[in-house]
Number of protein chains: 2
Amino acid sequence: MATGRSHRPATRSRGIPEATVARLPLYLRALTALSERSVPTVSSEELAAAAGVNSAKLRKDFSYLGSYGTRGVGYDVEYLVYQISRELGLTQDWPVVIVGIGNLGAALANYGGFASRGFRVAALLDADTALAGKLVAGLPVRHIDELETIVADSQVSIGVIATPAGAAQEVTDRLVAAGVTSILNFAPTVLSVPDGVDVRKVDLSIELQILAFHEQRKAGDEDRQEPDGDVPAVMPA
Amino acid sequence: MATGRSHRPATRSRGIPEATVARLPLYLRALTALSERSVPTVSSEELAAAAGVNSAKLRKDFSYLGSYGTRGVGYDVEYLVYQISRELGLTQDWPVVIVGIGNLGAALANYGGFASRGFRVAALLDADTALAGKLVAGLPVRHIDELETIVADSQVSIGVIATPAGAAQEVTDRLVAAGVTSILNFAPTVLSVPDGVDVRKVDLSIELQILAFHEQRKAGDEDRQEPDGDVPAVMPA
DNA sequence: CCATCTTTGTGCACGCGTTCACAAAGACAT
DNA sequence: ATGTCTTTGTGAACGCGTGCACAAAGATGG
Ligand SMILES: NC(=O)c1ccc[n+]([C@@H]2O[C@H](COP(=O)([O-])OP(=O)(O)OC[C@H]3O[C@@H](n4cnc5c(N)ncnc54)[C@H](O)[C@@H]3O)[C@@H](O)[C@H]2O)c1
Ligand SMILES: NC(=O)c1ccc[n+]([C@@H]2O[C@H](COP(=O)([O-])OP(=O)(O)OC[C@H]3O[C@@H](n4cnc5c(N)ncnc54)[C@H](O)[C@@H]3O)[C@@H](O)[C@H]2O)c1
């Protein structure tokens with residue numbers, strides 16, 4: 001979700017709806033599991049169940065990629081794995097830098113699922129000089145001032161931000177200036193980026209608050225039966 | 001995002017659209033920052049800019065909560081902080097259990113932003129007996145078999161899953177059986193839950209793949225100018 | 001070759017979410 | 001009290017996403 005300018009009109013990239021793009025990794029994961037079990041073909045119904053979506057939706061999603069199914073049979077698992085991988089750009093290598101090697105950054109660096117899909121950690125960066133040179137997940141932490149060199153030399157186009165919120169915009173600006181055009185932000189801030197740069201955010205706090213909202217609602221619906229359970233709310237001063 | 005049964009028809013809870021609920025934490029964060037700077041009022045235009053959304057959308061969002069603005073002036077910051085907090089259920093305490101205290105689970109336990117908004121870590125649970133008793137972020141790791149007791153005793157309704165994917169469904173089942181009705185899942189799996197249980201997922205791998213898709217598209221649009229840049233794709237067998 | 005059966009691919013309708021644009025509300029000065 | 005100016009609250013239009021339902025495609029068996 002790009003936060004800076006939200007004036008991207010739901011970017012239907014190459015005719016593939018954004019909502020579909022967001023589900024492709026889900027399908028890919030389910031298909032990979034089937035592939036490992038050497039299942040040759042799968043029906044839209046089965047695959048949809050495994051991915052937790054509606055089967056019509058899945059078929060429509062696949063129809064955007066082309067017609068890869070066989071009526072009466074289903075989809076060829078291996079072939080679909082290949083097609084989706086290619087569509088998502090996972091047939092190539094994506095060097096990634098992680099900025100901010102604290103609790104979270106270190107966990108991310110140690111995360112195995114990273115490398116598994118073509119994402120390779122090119123470097124770990126931190127502003128703390130005390131961390132410099134220290135090995136995290138087998139990689140040395142390097143100083144943030146090496147950012148520009150590393151991004152240029154390793155052709156990094158994806159950056160992961162795991163710094164405190166206060167440093168996130170500054171780090172973003174440096175990443176963008178250095179040539180990074182995709183950012184995954186774990187810091188709880190809205191980032192401003194120029195057009196052409198994609199930002200996606202992962203925000204634990206927001207997720208919990210959304211859960212709390214629904215949780216409160218569930219509890220409220222049980223407890224009290226008054227039609228108007230909340231304070232009518234009046235403007236104070 | 002509930003994954004199990006997606007047959008919730010966009011649950012317009014108490015008349016508040018789901019999309020609005022998801023933005024309330026964003027507004028709250030921006031408002032809290034204003035409040036700390038002792039800013040008394042804010043216009044929809046300013047607040048929208050701070051939250052990275054369209055101002056009309058923000059006004060419509062607030063209109064679902066009631067009419068808390070003053071025409072010609074804007075919104076009272078303190079009052080709005082209170083109203084949104086109340087609406088999200090943040091005026092009460094939410095005990096949370098974290099299951100799976102590995103790299104990620106430990107980082108989550110150490111995360112300060114947790115406690116700041118009424119979310120209190122009630123317990124850290126792990127299946128690894130070697131971890132039992134060890135202190136993480138000042139809390140002792142307890143064995144997974146204490147789950148049922150802890151959930152019941154501490155009235156836990158929110159669970160965070162940071163176990164490997166293979167254990168996630170089993171942990172989910174135990175959490176649900178014990179009475180947890182909201183789950184935040186960090187494991188890369190689709191979870192099945194009964195109706196009435198909310199699941200939201202945070203999936204690093206999916207986010208990166210979505211970024212890679214757009215990244216590939218950007219690169220492709222520059223490099224080659226052929227109208228049809230991809231392999232036409234033919235069924236193999 | 002024909003009949004049957006399974007499963008895809010999609011036309012269609014509907015509802016949610018977004019955004020524009022503006023009338024009404026209210027503050028504030030004179 | 002009246003006028004001006006700012007900003008809210010919302011009606012209306014539009015586009016995207018979803019899911020039903022079904023025709024067409026193709027496999028399979030006789
Ligand atoms: N820990 C979690 O589970 C968690 C969860 C959700 C969100 N977050 C967010 O992720 C971010 C990191 O969290 P954390 O717990 O790892 O924090 P942390 O304090 O452990 O680590 C932050 C790291 O960033 C480094 N840093 C600070 N300024 C920098 C700069 N300008 N350039 C480069 N590096 C810089 C620090 O030296 C430190 O090593 C925070 O924004 C936090 O809110 C963390
Ligand atoms: N580390 C990351 O940055 C990261 C990022 C995205 C997703 N994830 C996902 O989060 C999960 C945890 O990642 P991690 O890197 O912390 O892994 P980890 O192996 O470091 O930690 C997993 C922990 O779960 C515990 N565990 C295993 N089975 C359990 C069970 N049945 N009940 C309770 N505890 C159990 C293990 O003892 C271990 O302590 C994984 O599913 C991973 O895919 C991690």
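In this text the structure is predicted, and so the values were computed from the model without any measurement. Convention: sequence-line order gives letters A, B, ...; per-chain numbering from 1.
Within the structure, no pair that satisfies the ring-ring contact (aromatic ring centres under 6.0 Å, His included) test touches residues 181-210 of chain A, not counting sequence neighbours. Applying the ring-ring contact (aromatic ring centres under 6.0 Å, His included) rule to pairs touching residues 26-48 of chain B yields B/Tyr27-B/Phe62, sequence neighbours excluded. Listed by first then second residue, pairs satisfying salt bridge (charged side-chain N to carboxylate O under 4.0 Å, His left out) with a partner in residues 19-29 of chain B read A/Asp203-B/Arg29, B/Arg23-B/Asp61, not counting sequence neighbours.
If you take CD1 of B/Ile16 and P of C/dC16, they are 15 Å apart, rounded to a whole angstrom. Put simply, CZ on B/Arg59 is 16 Å from P on C/dA25, counting in whole angstrom units. Across the protein-nucleic acid pair, A/Glu18 atom CD and D/dG15 atom C1' stand 15 Å apart, rounded to whole Å. With rounding to whole Å, A/Lys57 atom NZ is found 17 Å from D/dC16 atom P. Residue A/Phe62 contributes atom CZ, which lies 16 Å from atom C1' of C/dT10 at whole-angstrom precision. Distance A/Tyr75 OH to D/dA27 P: 15 Å, rounded to the nearest Å. The distance between atom CG of A/Asp61 and atom P of D/dT18, rounded to the nearest whole Å, is 8 Å. The distance between atom CG of B/Leu58 and atom P of C/dC20, rounded to the nearest whole Å, is 14 Å.
Residues satisfying the salt bridge (Lys or Arg N to Asp or Glu O under 4.0 Å) test with B/Asp93, not counting sequence neighbours, are B/Arg120. Under the side chain to side chain donor-acceptor pair (under 3.5 Å) criterion, B/Ser43 pairs with B/Glu46, sequence neighbours left out. Listed by chain and residue number, A/Val53, A/Ser55, A/Leu58 satisfy the side chain to side chain contact (heavy atoms under 4.5 Å, CB included) test with A/Ala48 (two or more places apart in sequence, or in another chain). Residues meeting the side chain to side chain donor-acceptor pair (under 3.5 Å) test with B/Thr172, sequence neighbours left out: none. Every residue two or more places apart in sequence or in another chain that forms a side chain to side chain donor-acceptor pair (under 3.5 Å) with B/Glu215 is listed here: A/Thr181, A/Ser182, B/Lys218. For B/Arg174, the side chain to side chain donor-acceptor pair (under 3.5 Å) criterion is met by B/Asp145, B/Glu148, not counting sequence neighbours.
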Polar atoms only, N or O, under 3.5 Å: list the protein pairs with nucleotides 11-13 of chain D and their distances.
residue: D/dG11; atom: O6; partner: B/Lys60; partner atom: NZ; Å: 3.2
residue: D/dA12; atom: N6; partner: B/Lys60; partner atom: NZ; Å: 3.0

Can you give me the N/O atom pairs linking the protein to nucleotides 26-30 of chain C at distances under 3.5 Å, or say none if there are none?
none

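No side-chain heavy atom of B/Leu175 sits under 4.5 Å from any side-chain heavy atom of B/Val156.
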Kindly determine whether B/Asp76 and B/Thr70 satisfy side-chain contact (heavy atoms from CB on, under 4.5 Å), including the steps that lead there.
CA-CA 8 Å; B/Asp76 183 284; B/Thr70 307; over 6 Å; no
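Residues from residues 31-50 of chain A that place a heavy atom under 4.0 Å from any atom of DNA chain C, listed by number: A/Ser43, A/Ser44.
When the side-chain nitrogen and oxygen atoms of A/Asn54 are compared with OP1 and OP2 of D/dG17, none of them lie within a distance under 4.0 Å. Here A/Tyr64 does not reach the OP1 or OP2 of D/dC16: none of its side-chain N or O atoms lies under 4.0 Å away.
Checking C/dT18, D/dA21, D/dT10 against every side-chain atom of A/Ala56, the shortest atom distance belongs to D/dA21.
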